[in-house]
Amino acid sequence: MKEKLQEIHSKALNDIESINHLEELQNIRNIYLSKKSELMSYMSHMRNLSGEERVAFGQLINSIKEDISNKLEEKKKILEEAKLQEKLNSEIIDFTLPGKSYSRGSKHPFNIIVDEVSQIFIGMGYQIAEGPEVETDEFNFELLNVPKGHPARDMQDSFFIDETNLMRSQTSPVQAHVMLSKHGVGPIKIISPGKVYRRDDDATHSHQFGQIEGLVIDKNINMGNLLSTLELFAKSMFGEKREVRMRSSYFPFTEPSVEVDISCFECGGKGCSLCKGTGWIEILGAGMVHPNVLKMCGFDVNEYQGFAFGVGVERVAMLKYGIDDIRKFYANDKRFNKQFNKE
């Protein structure tokens with residue numbers, strides 16, 4: 001039997017040496033090392049041997065198994081290296097070709113302005129408040145002192161979903177939500193950036209645009225507080241030399257109401273095409289919160305007063321960056337966005 005085992009051993013080594021592909025290794029392993037292989041079948045003869053012979057016979061079979069297994073592993077490494085080298089030789093890389101460049105995206109000017117304005121007011125102690133873009137008539141109009149049939153509703157030309165719900169035409173409903181959540185107890189100091197919707201479409205108006213509205217409710221709030229707030233905002237956003245003026249206006253949710261202008265940053269107030277020769281640029285609307293709004297939202301008008309203001313996001317961006325058409329914000333033109341990439 002010893003001669004037969006050596007014969008199996010020799011044949012196995014020859015077969016391993018002749019292997020040219022990795023796939024053949026497993027077949028050789030099964031032929032010589034599996035439980036049903038010829039080599040392992042000789043294990044059954046051990047019961048017919050004496051003790052010393054059984055030990056020697058078992059050692060011989062184990063040494064043959066170990067040698068065959070080692071030779072298989074050695075052959076495997078040789079074949080894997082050969083396969084890798086073949087792949088490297090076939091995949092020629094031309095190092096003279098230019099590499100691929102990946103450009104970083106640009107932040108949209110809309111988001112740039114929202115972030116800048118938010119940081120200015122956060123620095124003044126304001127908090128960011130958000131609300132739903134689909135609002136009820138109650139929050140979008142009635143709680144803001146615009147009852148059904150009020151002429152101011154026509155000015156906003158809103159998108160109604162049904163008789164009760166609509167796409168909000170301003171971010172003012174956020175103010176109403178916040179005031180009601182306070183249950184008549186101040187102070188409140190928030191800004192509410194977000195998208196609003198009205199039926200407009202021309203170079204300076206869009207059916208979708210952004211607003212940032214601010215609200216301050218506390219004791220002893222007056223127009224002087226509003227003016228100083230807007231002056232700080234204008235100087236931070238448009239430069240330290242900016243001046244602010246207020247003109248009487250009308251908004252149903254504020255009383256008194258004002259239109260706010262800043263001195264032209266293009267000509268310094270001398271008059272140019274940007275400011276249409278006036279030296280001033282209209283920037284936002286503001287005013288003291290109407291007593292009716294305070295009452296409907298649960299505040300005692302004898303104890304609390306407040307001011308509110310609203311600025312268009314695209315309006316600020318158009319002035320700051322010289323953009324001549326609001327529709328460019330929503331044209332999905334990467335060339336437009338790249339102009340504002342500061343990196």
Q: Drop me the distance from I128's CD1 to S118's OG, to the nearest 0.5 angstrom.
A: 4.0 Å
Q | I190 with I217, same ILVMFWY side-chain cluster at under 4.5 Å | A | yes
Q.
Would you say that F299 contacts K182 through its side chain, given a criterion of any heavy-atom pair below 4.5 Å between the two side chains?
A. yes
Q: Give me the ring orientation class for F336 and H108: parallel if the planes are under 30° apart, tilted from 30 to 60°, perpendicular past 60°.
A: perpendicular
Q. Do I161 and L166 come close enough that some side-chain heavy atom pair is under 4.5 Å?
A. no
Q: Could you tell me whether the side chain of C264 reaches within less than 4.5 Å of the side chain of C272, counting heavy atoms only?
A: yes
Q) Should F209 and K195 count as side-chain neighbours, where that means a heavy-atom distance under 4.5 Å? A) no
Q.
If you count every heavy atom of other residues, nucleotides or ligands that lies below 6.0 Å from E80 atom CD, does the total exceed 12?
A. yes
Q. Distance from E259 atom CD to I283 atom CD1, nearest 0.5 Å?
A. 11.5 Å
Q.
Working to the nearest 0.5 angstrom, can you tell me the gap between T136 OG1 and L143 CG?
A. 7.5 Å
Mind listing the side-chain donor-acceptor pairs of residues 221-234 below 3.5 Å, one per line with the distance, residues two or more places apart or on another chain?
from : atom 1 : to   : atom 2 : distance (Å)
N222 : OD1    : G224 : N      : 2.9
N222 : OD1    : N225 : N      : 3.1
N225 : OD1    : N222 : N      : 2.9
S228 : OG     : G224 : O      : 3.2
S228 : OG     : N225 : O      : 3.0
T229 : OG1    : N225 : O      : 2.8

Q: Quick one: pull up CZ in R315 and CD in Q211 and give me the separation to the nearest 0.5 Å.
A: 13.5 Å
Q: Rounded to the nearest 0.5 Å, what's the gap from CD1 on I19 to NZ on K75? Could you check?
A: 7.0 Å
Q: Measure the CD-NZ distance between Q85 and K83 for me, rounded to the nearest 0.5 Å.
A: 14.0 Å
Q. Got M167 and E135 here, is their nearest side-chain heavy-atom distance under 4.5 Å?
A. no
**Q.** Heavy-atom neighbours of N62 CG exceed 12 at 6.0 Å
**A.** yes
Q | Common cluster, L13/I28, ILVMFWY with side-chain heavy-atom separation under 4.5 Å | A | no
Q: Output all residues satisfying ring pair (Phe, Tyr, Trp, His ring centres under 6.0 Å) with F251, sequence neighbours left out; order by chain, then residue number.
A: none
Q.
Between the side chains of E282 and R247, is the shortest nitrogen-to-carboxylate-oxygen separation below 4.0 Å, so that they form an ion pair?
A. yes
Q.
Between V293 and H290, is there a side-chain heavy-atom distance shorter than 4.5 Å?
A. yes
Q) Applying the 4.5 Å side-chain criterion to the ILVMFWY set and letting contacts propagate, would Y126 and V260 be lumped into a single cluster? A) yes
**Q.** Carboxylate-amine/guanidinium contact K295 D300, below 4.0 Å
**A.** no
(Q) For the CD atom on E73, are there more than 12 heavy atoms of other groups (residues, nucleotides or ligands in this structure) within a distance under 6.0 Å? (A) yes
(Q) Are E243 and I262 packed together at the side-chain level, in the sense that at least one heavy-atom pair is separated by less than 4.5 angstrom? (A) no
Q) Quick one: do K189 and D218 make a salt bridge, cutoff under 4.0 Å? A) no
Q: Begin from the C-alpha positions of E133 and Y197 and carry the test side-chain hydrogen bond (donor to acceptor under 3.5 Å, both in side chains) through to its verdict.
A: CA-CA 9 Å; E133 293 184 9; Y197 305 87; 2.5 Å; yes
**Q.** Side-chain heavy atoms of K148 within contact of E142, under 4.5 Å
**A.** yes
